[in-house]
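For clarity, every value in this text was computed on a predicted model and none was experimentally measured.
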Amino acid sequence: MKFDDVILGRRSIRGYKPDPVPRKLIEEIIALAMRAPSSMNTQPWNFYVITGEPLDRIRAGNTERMVAGVPQSREFRQGQPFAGPHRDRQVVVAKQLFSAMGIAREDKEMRQDWVLRGFRQFDAPVCVIVTYDKVLDGSDDTPFDCGAVTTALVNAAWSRGLGAVINSQGIMQSPVVREHAGIADDQVIMKSIALGWPDDDFPANAVVSERKAVEEATVFVGFEE
């Protein structure tokens, strides 16, 4: 794939085939992703790649705790709930997804099931947990760098025919994730990525989220009109 094809074609995948993903292919994708820039080449990131039984245990533990009302325990700061235009864009993509899946506004059961898909890592065959070295906790550069490598990873995956979706639901019950992924104490859990072969028959996979215009996002200074 050409670079433009990857960037313009990639979309978040929320439905997967059950087919396994070869370890060698994942290693290749991570090697590509780690060419991402980082502040002064600190490379703060690490990856825990989980499949099979351990991933099933994480799915079950996440779901059971959330349904039971156990408070979420994300390790990386969340900030305030979205508001204004950021909330508006969140609502727009949710409406796109619900429409694609045929989930009516009043259908609480289907809406709840959709939410729980996130805690099940969207039933993907692989989950990648992105962590960073705890010694760097509090650094503003570190989450920026982890975002860069995560973006590179999902784009590299797409270039190899794999789909992915970056999510936080899968790590909201961090004790479950730590236990079954064997995450070291010197790591902070930051994000999770569901990874696998896209199921083209899954309606939500056709959804392409909107992007604001360059003119809306960009200020040019010192350029001639």
Side-chain angles (χ1 to χ4, degrees), residues 1-15 29-30 32-45 74 76-105 111 114-115 117-118 122 124 128 130 132 138-172 190-195 198-200 202-225:
M1 274 193 196
K2 292 182 179 179
F3 180 77
D4 286 14
D5 294 334
V6 174
I7 299 301
L8 295 174
R10 189 210 62 80
R11 57 192 183 275
S12 293
I13 297 299
R14 296 175 174 87
I29 288 166
I30 290 175
L32 281 172
M34 289 198 298
R35 296 304 305 168
S38 63
S39 176
M40 294 169 284
N41 199 35
T42 50
Q43 302 181 58
W45 51 67
R74 276 181 61 183
F76 183 72
R77 59 185 182 270
Q78 293 187 86
Q80 299 300 313
F82 295 134
H86 307 101
R87 173 62 178 167
D88 293 341
R89 285 192 279 270
Q90 183 185 27
V91 169
V92 166
V93 75
K95 287 181 176 178
Q96 286 180 277
L97 291 167
F98 287 161
S99 176
M101 296 300 295
I103 302 174
R105 185 180 183 86
R111 282 175 173 252
W114 180 259
V115 169
R117 285 185 63 83
F122 297 90
V128 181
V130 182
Y132 63 84
S139 162
D140 290 333
D141 289 325
T142 294
F144 186 90
D145 297 341
C146 287
V149 81
T150 301
T151 299
L153 194 153
V154 299
N155 284 329
W158 190 263
S159 77
R160 299 300 192 268
L162 289 166
V165 60
I166 304 166
N167 69 92
S168 296
Q169 298 102 312
I171 56 168
M172 281 188 174
M190 185 165 196
K191 278 286 181 183
S192 61
I193 306 167
L195 182 72
D199 179 356
D200 293 334
F202 191 76
N205 286 348
V207 170
V208 179
S209 56
E210 299 174 359
R211 292 293 185 270
K212 58 185 180 181
V214 172
E215 293 78 11
E216 185 183 355
T218 311
V219 177
F220 289 99
V221 180
F223 289 83
E224 294 183 5
E225 293 294 334

Asks: If I compare all heavy atoms of Pro203 with all of Ala100, which pair ends up nearest, and what's the gap?
Replies: CB-O, 3.2 Å
Asks: Taking only residues two or more places apart in sequence or in another chain, which ones pass side chain to side chain donor-acceptor pair (under 3.5 Å) with Thr142?
Replies: Ser139
Asks: How many angstroms lie between OG1 in Thr42 and CG in Asp141, if you round to the nearest 0.5 Å?
Replies: 7.0 Å
Asks: What pairs of donor and acceptor atoms, side-chain ones from residues 81-92 against any protein atom, are under 3.5 angstrom apart with sequence neighbours left out?
Replies:
residue: Arg87; atom: NH1; partner: Gln90; partner atom: OE1; Å: 2.7

Asks: Within the structure provided, determine whether Lys191 and Phe76 are in side-chain contact (heavy-atom separation under 4.5 Å).
Replies: no
Asks: For residues 205-225, which residue pairs qualify under ring-ring contact (aromatic ring centres under 6.0 Å, His included), counting only residues two or more places apart or in two chains?
Replies: Phe220-Phe223
Asks: Just grab all the side-chain hydrogen bond (donor to acceptor under 3.5 Å, both in side chains) pairs involving residues 4-15, residues at least two apart or on different chains.
Replies: none
Asks: Does any pair with a residue in residues 93-102 pass side-chain hydrogen bond (donor to acceptor under 3.5 Å, both in side chains), and if so which ones, sequence neighbours excluded?
Replies: none
Asks: Check Ile193 against Val130 and note the closest heavy-atom contact, atom names and distance.
Replies: CD1-CG2, 3.9 Å
Asks: Hey, could you give me the CG/CZ distance between Asp199 and Phe122, rounded to the nearest 0.5 Å?
Replies: 14.5 Å
Asks: List in chain and number order the residues that pass side-chain contact (heavy atoms from CB on, under 4.5 Å) with Ala204, two or more places apart in sequence or in another chain; answer none if no residue qualifies.
Replies: Leu97, Met101, Trp114, Phe202
Asks: Considering non-hydrogen atoms only, spot the tightest contact between Ala152 and Ala36 and give its length.
Replies: CB-CB, 4.1 Å
Asks: Can a donor-acceptor pair be found, under 3.5 Å and without considering hydrogens, that links the side chain of Arg111 to the backbone of Arg105?
Replies: yes
Asks: With sequence neighbours excluded, what pairs up with Arg117 under the salt bridge (Lys or Arg N to Asp or Glu O under 4.0 Å) test?
Replies: Asp123
Asks: State, to 0.1 Å, how close Ala194 and Ala124 come at their nearest heavy-atom pair, and which atoms those are.
Replies: CB-CB, 3.8 Å
Asks: Could you list the residues that satisfy side-chain contact (heavy atoms from CB on, under 4.5 Å) with Thr151, not counting sequence neighbours?
Replies: Asn155
Asks: What's the shortest heavy-atom distance between Asn205 and Gly15, and which atoms?
Replies: ND2-O, 2.9 Å
Asks: Taking only residues two or more places apart in sequence or in another chain, which ones pass salt bridge (Lys or Arg N to Asp or Glu O under 4.0 Å) with Arg160?
Replies: Glu28
Asks: About how many Å separate CG of Leu162 and CG of Leu195, when rounded to the nearest 0.5 Å?
Replies: 5.0 Å
Asks: With salt bridge (charged side-chain N to carboxylate O under 4.0 Å, His left out) as the rule and sequence neighbours excluded, what pairs involving residues 142-152 come up?
Replies: none
Asks: Applying side-chain contact (heavy atoms from CB on, under 4.5 Å), run through Trp45 and Met34 and close with a yes or a no.
Replies: CA-CA 9 Å; Trp45 51 67; Met34 289 198 298; 3.5 Å; yes
Asks: Could you go through Val165 and Ile13, starting from their C-alpha distance and side-chain angles, then the distance that decides it, and tell me whether this counts as side-chain contact (heavy atoms from CB on, under 4.5 Å)?
Replies: CA-CA 5 Å; Val165 60; Ile13 297 299; 5.6 Å; no
Asks: State which residues pass side chain to side chain donor-acceptor pair (under 3.5 Å) with Asn41; sequence neighbours excluded, sorted by chain then number.
Replies: Gln43
Asks: For a quick test of your reading: what N or O donor-acceptor pairs under 3.5 Å do the side chains of residues 206-217 make, sequence neighbours left out?
Replies:
residue: Ser209; atom: OG; partner: Arg211; partner atom: NH1; Å: 2.7

